[in-house]
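The figures that follow rest on heavy atoms only: side chains count, while hydrogens, waters and symmetry mates do not. Below, read A as the first sequence line, B as the second, and so on, with proteins coming before strands; counting in each chain starts at 1.
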There are 4 protein chains.
Amino acid sequence: MGPTMDGTKQQRRGNTRQRIQDVALALFAEQGYEKTSLREIAERLDVTKAALYYHFKTKEEIIVSLFEDLTKPILELIEWGRGQPHTLETKQEIIRRYSEALQGAEPLFRFMQENQATVRELRIGDTFKDRMRGLRDILIDPEADLVDQVRSVSAMFTLHAGMFVMQDIEGDPEKKHEAVLEVALDLIAQAHEHARGTD
Amino acid sequence: MGPTMDGTKQQRRGNTRQRIQDVALALFAEQGYEKTSLREIAERLDVTKAALYYHFKTKEEIIVSLFEDLTKPILELIEWGRGQPHTLETKQEIIRRYSEALQGAEPLFRFMQENQATVRELRIGDTFKDRMRGLRDILIDPEADLVDQVRSVSAMFTLHAGMFVMQDIEGDPEKKHEAVLEVALDLIAQAHEHARGTD
Amino acid sequence: MGPTMDGTKQQRRGNTRQRIQDVALALFAEQGYEKTSLREIAERLDVTKAALYYHFKTKEEIIVSLFEDLTKPILELIEWGRGQPHTLETKQEIIRRYSEALQGAEPLFRFMQENQATVRELRIGDTFKDRMRGLRDILIDPEADLVDQVRSVSAMFTLHAGMFVMQDIEGDPEKKHEAVLEVALDLIAQAHEHARGTD
Amino acid sequence: MGPTMDGTKQQRRGNTRQRIQDVALALFAEQGYEKTSLREIAERLDVTKAALYYHFKTKEEIIVSLFEDLTKPILELIEWGRGQPHTLETKQEIIRRYSEALQGAEPLFRFMQENQATVRELRIGDTFKDRMRGLRDILIDPEADLVDQVRSVSAMFTLHAGMFVMQDIEGDPEKKHEAVLEVALDLIAQAHEHARGTD
DNA sequence: CATGAATGAGAATTCATTCAT
DNA sequence: GATGAATGAATTCTCATTCAT
């Protein structure tokens, strides 16, 4: 007498919350947050709007929960980075792992990138900005040349651009990804070298 | 008993269309397109919503008109670039002028960047993408190494990042701008050099 | 074989039913019936909404049960009054005991007074009106002068007003209560005297 | 081509706001505030819900506007009373004019009385309480005997009771009204006399 | 040029209620 | 005795848009 008596009907177990998150994220990423209505999410799941409200108190809470669940790796990355010496190796490791984290939650980050205006007004807005700043502060030497500071920021944004803009450049995705990572690592290396020379 | 009975009130001549555009752009850039209602725009201008409809047939047309008015420099830049040889000098000139164009219409580009999901669904979406691609095709050598192609794209995005993300790095705005430009030019130069070697 | 099937005093072992009533009454009295949701009641008790439905078939049944439990003294008072002669003493006793009944179930009566529009649509509405009429018919001599009939009604309402409006007049609560009772008794006495004179 | 082209259609002039107020007050008084939905009001007027929102920003604003329009006489009465000496004549005049004011806006006052719990949460709640206190302070001598203070309050509440409760006592409405007024005046007189004696 | 009045569609949210477990 | 999960109906409110004047 398990909770699933047949495989034909949908499994109404404890996974509804998860399914809401999945569908919501897909729609948010595709159409944007404002353009995605709860009606649409509910319809796609074949439940009522009220069911969504059983699992999430507000529409915002859906995106907040996604954010919290999916950006944990980045939070951990920042915490790890803070404890490391500001060496080139650390920075390279940050870039590499950040790249991986981005890929691990691609739809969420596409959403964050394409709905910045919206996100700014949401509760996650500040949290997100804080994290970006956290990463930046690990990558940047505050006394470094301004140009090199820009290089570090540029490295991060190259990864972002790599996710979205590079998509319509032809080529093997795997290869493109490697190329993006290489440019980012290169920028970081350039930024770091000069800084050393300046020391 | 015309609309202007005294000269004390603001000059309600023929500039209403322009004023609508200004206020709309400011609000779109600040809050996003969906979150900005026509009521809000009208209120800020102290006219009725219906007045907006005298000047623009739809809400979308307001943003379209802004886009068309403000991105003309970029369109011209692309046309100019297409007629030039693919030399480093050309590319550098493109980067320089693109940077200027971005600054000349900062709120619009901030809006485009922060409302990508929305923009994609709007009529301007495709136009914008086409322009980005136009620029890219001038900057990129299709036979170049993938890594160098990424460098070129990265140069463009460094300019974008420079507009928005760099804002909360401290420093003289003028100097920051120069630094951003330098990194972009540097990336372009690196991309070009290798390509030459490959030739 | 229902969980509550005895006519004697309740005080069931599982006191949840009682707790629901207590919390519900407190909230109904504070915020009104419509503004108080079952979710709120359940949350305050730290049970689920469904638990409420185990004890009461509907929201209305909660207030009905409260009404029935708490107005029994008044029902008994009416029954007692009906068997008495229409003397001044009887009327005075009614007023005195009514005043006590009101105080014994203050939150309920505050609720009834402040939610008349709602109560009217509920099942208890008619019952309540019947009781009020019952009391009135004991206090009023139908052949008495209209002015004296008003005096009798006014006596009752003075008690009501005493409960709620007098609260923000300063003074010892006990003393205020006595003063209210005195005015009510006085009105009844005046009404009665004239009636006698008319006889 | 005046605003009315035919008599068949409803007169869509400047009276919609007024019509909304009328229908809303009727429904609020009949069913209570919460039980009356904007849909119902709109349907009864044969306009859309959105039309209501053109004239009133929120549901609450409808009742606020009614309150402000209809209780002005009472406000003026209080202001007048404040400037008068605290004689019996003044108090009697207050009672008389208050009684008239109540009758002039009967549905509103019935609504206020029967929806006190709701009104308390609304913006008008405090205003209303203030007015009641204003009246009370004119009628009451603060150094008077507590019993006489109660008499004054009771006079006011007799008028209230007279509006609503007396309805189901048989008799000519005009006569009943006079009787109610007489009892109220009587209470005020009794309260005043004693006070004089105490002075 | 512009307004006043209105609409139709749709949004997020809340509620009392149900029922299998 | 109670819960977890869900529903259906309703609610307040907002928005882009229209049109006669």
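For E:dT7, the base has no donor-acceptor partner in the side chain of D:Lys49 [N/O atoms by modelled type, under 3.5 angstrom].
Comparing A:Leu52 and B:Ala50 against DNA chain F, the residue whose closest nucleotide sits nearer the 5' end is A:Leu52. Mapping C:Thr36 and A:Tyr33 onto DNA chain E via the closest heavy atom, the residue that lands nearer the 5' end is A:Tyr33. Residue whose closest nucleotide on DNA chain F sits further toward the 5' end, between B:Lys35 and D:Arg39: D:Arg39. For the pair C:Glu60 and A:Ser37, both in contact range of DNA chain E, the more 5′-proximal nearest nucleotide belongs to A:Ser37.
Between the P atom of E:dG4 and the CD atom of D:Gln18 lies a distance of 19 Å, rounded to the nearest Å. In this structure, C:Ile63 places its CD1 atom 16 Å from C1' of E:dA16, rounding to the nearest Å. A straight line from CZ of D:Arg19 to P of E:dA6 spans 8 Å, rounded to a whole angstrom. Here the P atom of nucleotide F:dT14 and the NZ atom of D:Lys59 are 15 Å apart, to the nearest Å. Rounded to whole Å, atom P of F:dT14 lies 11 Å from atom CG of D:Leu38. Rounded to whole angstrom, the span from the CD atom of A:Glu61 across to the P atom of E:dT13 amounts to 10 Å. As a whole-Å value, the separation of A:Ile62 CD1 from E:dT13 C1' is 12 Å. One atom, CZ of A:Phe56, and another, C1' of F:dA6, lie 15 Å apart when rounded to the nearest Å.
A pairwise comparison of heavy atoms in A:Leu66 and A:Leu108 identifies O-CD2, 4.2 Å as the closest pair.
For F:dA6, one of the phosphate oxygens OP1 or OP2 lies less than 4.0 angstrom from a side-chain nitrogen or oxygen of A:His55. Between D:Thr16 and E:dA6 there is a side-chain polar atom (N or O) within less than 4.0 angstrom of OP1 or OP2. In this model, the phosphate group of E:dA6 is not approached by any side-chain N or O of D:Tyr54 to a distance below 4.0 Å at OP1 or OP2. The side chain of B:Thr48 contributes no N or O atom lying less than 4.0 Å from OP1 or OP2 of E:dA2.
Remark: F:dT21 base-pairs with E:dA2; criterion is Watson-Crick or G-U wobble with both hydrogen-bond distances under 3.5 Å. In this entry F:dA10 has E:dT13 as its Watson-Crick or G-U wobble partner, both defining distances falling under 3.5 Å.
Looking only at distances, no side-chain donor or acceptor of A:Gln21 sits under 3.5 Å from a matching main-chain atom of A:Ile62. Between the side chain of C:Gln116 and the main chain of C:Gln113, a donor-acceptor pair closer than 3.5 Å is present.
Cation-pi contact between C:Lys59 and C:Tyr33: present, with separation from the ring centre below 6.0 Å and deviation from the ring axis of at most 45°.
Using a 30° and 60° split on the angle between ring planes, B:Phe128 and B:Phe67 fall in the perpendicular class, above 60°.
Around atom CZ of B:Arg44, no more than 12 heavy atoms belonging to other residues, nucleotides or ligands sit under 6.0 Å away.
Of the candidates E:dT17, F:dA2, F:dC15, E:dT17 carries the atom nearest the C:Tyr53 side chain, counting heavy atoms from C-beta on. Across E:dC15, F:dA2, E:dA12, the shortest atom-to-atom separation from the side chain of C:Ala51 is found for F:dA2.
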